[in-house]
Amino acid sequence: MPSFVFPDSGSGSSRYSSSTQSVSKPDNTTASTETKSDTYEPASVVETSEPISAPSEVSSLTLSHDPINEKTVELRGNTAIISGKTADSPIDHMSVFPRGAEFDLNSDKDGFSAEIVLTEPQSGYLTVTLVYEDGHNDEIMLEVTQHGFELWDLSDIAENNRKAVENAIEQPQNQVAEYIVKGGKPDEIRKVLEEIQALSDEICAGLNSDYDKLRAISRWVSANIYYDYPAYDKGVPAETLSLKYMLDKHSSVCGGYSNMTSALCAAQGIKCWNVHGAALNGGRMFVTDNDSEYHEWNFAEIDGRVIWVDSGWNSYCYLRRDGVYENGGICYRYFDIGEEYFALNHKASYAEYRDYFAILR
């Protein structure tokens, strides 16, 4: 079993995508149709005989709001410009799939700008992958039509996610207790919460803002909780989602990543909700595919702003079926991601707040 780590900059991964899906019912009984994929399969591009035109309209999309990882994409006909900060590591190189575009990258330790120009008529999607020197990557999906690059219409899903935020519920204390220690007694629950408090304080030591603490907590969860394939094979026992299980085993599934993230935030007084909903992995998007599976993630509210967080999808750490802990590092793609871009593969059903430390009061 690995020891806990506190990544300053996040360790790297050469993989292109990660996903975690589990079925976790509100009463904390768990049935699973869960899948886990660490292999990226790009969307196909269908060529067309019609030429690309270059309309004068300019459109843009926010990919990340994080001040150290902020990114935007600007679309101008057959040209796309992606620019922003480079998190903790300069970009080493980039790739575009499939072929049919030329690209140019300028990057240093402070930021980057990448220009992608379509060279062949096509209709479908391009995947731009930015690979950083520390090994982590960002994967950006761009829509292509006969008129060039265009933005997806994700307004319905983004609005659906906003409604889940606005209508969030508070989970009853008896159910919250089960997420701390499955079937636990008060003394056991208290002991686990004391460990969570101490761990959260260690993760956030020296940080002053709630935003920086949220980022540190999300990175810690991504780097220290391993996707639990043995638990998946058993149908994801409810115990797997509990804080005690993760403290003991360092492993869980998506409901566990979400649970640990919100509990560590609660220890710092940061309000963080658990979101249940649907997700698409392997490069699939709701604009083209509705064959989704159950998933869990988080949103936090800081200074009146909703911040979407998916610590599970930022992790490339796996507990394999042979019992080996495989640490492939983390990425930053799903921390404070733009809500329209997040709607590509996350669709919320409902959100709930767990007041973990009320049991101690």
Side-chain angles (χ1 to χ4, degrees), residues 13-19 37-64 69-84 86 91-107 111-132 136-155 157-158 279-290 313 331-334 337-346:
S13 171
S14 60
R15 296 176 182 81
Y16 282 0
S17 72
S18 173
S19 62
S37 171
D38 56 6
T39 303
Y40 170 67
E41 298 180 0
S44 61
V45 169
V46 181
E47 292 193 2
T48 174
S49 60
E50 299 185 40
I52 296 172
S53 60
S56 58
E57 292 185 9
V58 176
S59 54
S60 62
L61 181 69
T62 298
L63 305 178
S64 173
N69 192 44
E70 61 186 3
K71 289 180 176 62
T72 59
V73 57
E74 187 176 272
L75 307 180
R76 302 179 180 181
N78 67 343
T79 300
I81 299 174
I82 305 170
S83 60
T86 55
I91 296 174
D92 180 73
H93 64 277
M94 66 178 287
S95 64
V96 175
F97 184 90
R99 297 177 180 178
E102 295 179 348
F103 57 88
D104 182 59
L105 171 68
N106 291 299
S107 175
F112 78 100
S113 178
E115 181 179 82
I116 303 99
V117 179
L118 297 174
T119 58
E120 298 177 9
Q122 54 190 323
S123 181
Y125 302 94
L126 286 182
T127 300
V128 178
T129 303
L130 304 174
V131 181
Y132 293 74
H136 87 271
N137 66 76
D138 275 313
E139 181 184 274
I140 301 160
M141 306 291 291
L142 300 176
E143 182 179 11
V144 180
T145 73
Q146 61 184 11
H147 302 297
F149 290 109
E150 292 189 5
L151 291 181
W152 304 281
D153 182 5
L154 299 167
S155 56
I157 299 175
L280 292 169
N281 64 356
R284 295 178 299 148
M285 301 164 285
F286 282 116
V287 290
T288 58
D289 192 339
N290 285 314
W313 275 27
C331 70
Y332 314 129
R333 191 178 314 134
Y334 293 99
I337 187 172
E339 65 173 8
E340 291 281 340
Y341 198 60
F342 195 53
L344 268 179
N345 49 28
H346 286 69

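Note that the structure is predicted; figures quoted are calculated from it, not measured.
No side-chain heavy atom of V96 sits under 4.5 Å from any side-chain heavy atom of T127. Counting only heavy atoms from C-beta outward, the side chains of I91 and V131 never approach each other to under 4.5 Å. A 4.5 Å side-chain heavy-atom check between N345 and W313 finds at least one atom pair inside the cut-off. Residues L142 and Y125 form no side-chain contact, since every pair of their non-hydrogen atoms from C-beta on lies 4.5 Å or further apart. Using a 4.5 Å heavy-atom threshold, the side chains of I157 and F342 count as separate. For the pair V128 and F103, the minimum side-chain heavy-atom distance is 4.5 Å or more. Looking at heavy atoms from C-beta onward, L118 lies out of side-chain contact with T79 at the 4.5 angstrom threshold. When side chains are defined from C-beta on, I82 does not count as touching T72, because their heavy atoms never get closer than 4.5 Å.
Listed by chain and residue number, H136 satisfy the ring-ring contact (aromatic ring centres under 6.0 Å, His included) test with Y132 (two or more places apart in sequence, or in another chain). Annotation: side chain to side chain donor-acceptor pair (under 3.5 Å) contacts of E339 (sequence neighbours excluded): R162. For E74, the side chain to side chain donor-acceptor pair (under 3.5 Å) test picks out R76, with sequence neighbours left out.
In terms of modelled atom types and a separation under 3.5 Å, the side chain of T119 and the main chain of G100 share a donor-acceptor contact. In this structure, the side chain of T129 does not engage the main chain of E139 through any donor-acceptor pair within 3.5 Å. Checked by atom type and distance alone, the side chain of T145 pairs as donor or acceptor with a backbone atom of H147 at under 3.5 Å.
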Derivation and outcome, side chain to side chain contact (heavy atoms under 4.5 Å, CB included), residues L130 and F112:
CA-CA 10 Å; L130 304 174; F112 78 100; 3.7 Å; yes
Dump the intermediate steps for side chain to side chain contact (heavy atoms under 4.5 Å, CB included) on K71 and D138, then the final yes or no.
CA-CA 10 Å; K71 289 180 176 62; D138 275 313; 3.2 Å; yes
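Residues N69 and R333 have side chains that never bring a donor and an acceptor to within less than 3.5 angstrom of each other.
Rounded to the nearest 0.5 angstrom, S95 OG and N137 CG are separated by 9.0 Å. In this structure, OG on S123 lies 7.5 Å from CD on E143, to the nearest 0.5 angstrom. Rounding to the nearest 0.5 Å places OG of S60 at 7.5 Å from CG of L151. To the nearest 0.5 Å, the span separating OG on S59 from CG on L75 amounts to 4.0 Å.
The shortest non-hydrogen separation linking D153 to S155 is OD1-OG, 2.8 Å. Looking at every heavy atom in both residues, A158 comes nearest to E340 through CB-OE2, 3.7 Å.
Relative orientation of the Y341 and W152 rings is tilted, given thresholds of 30° and 60° on the angle between their planes.
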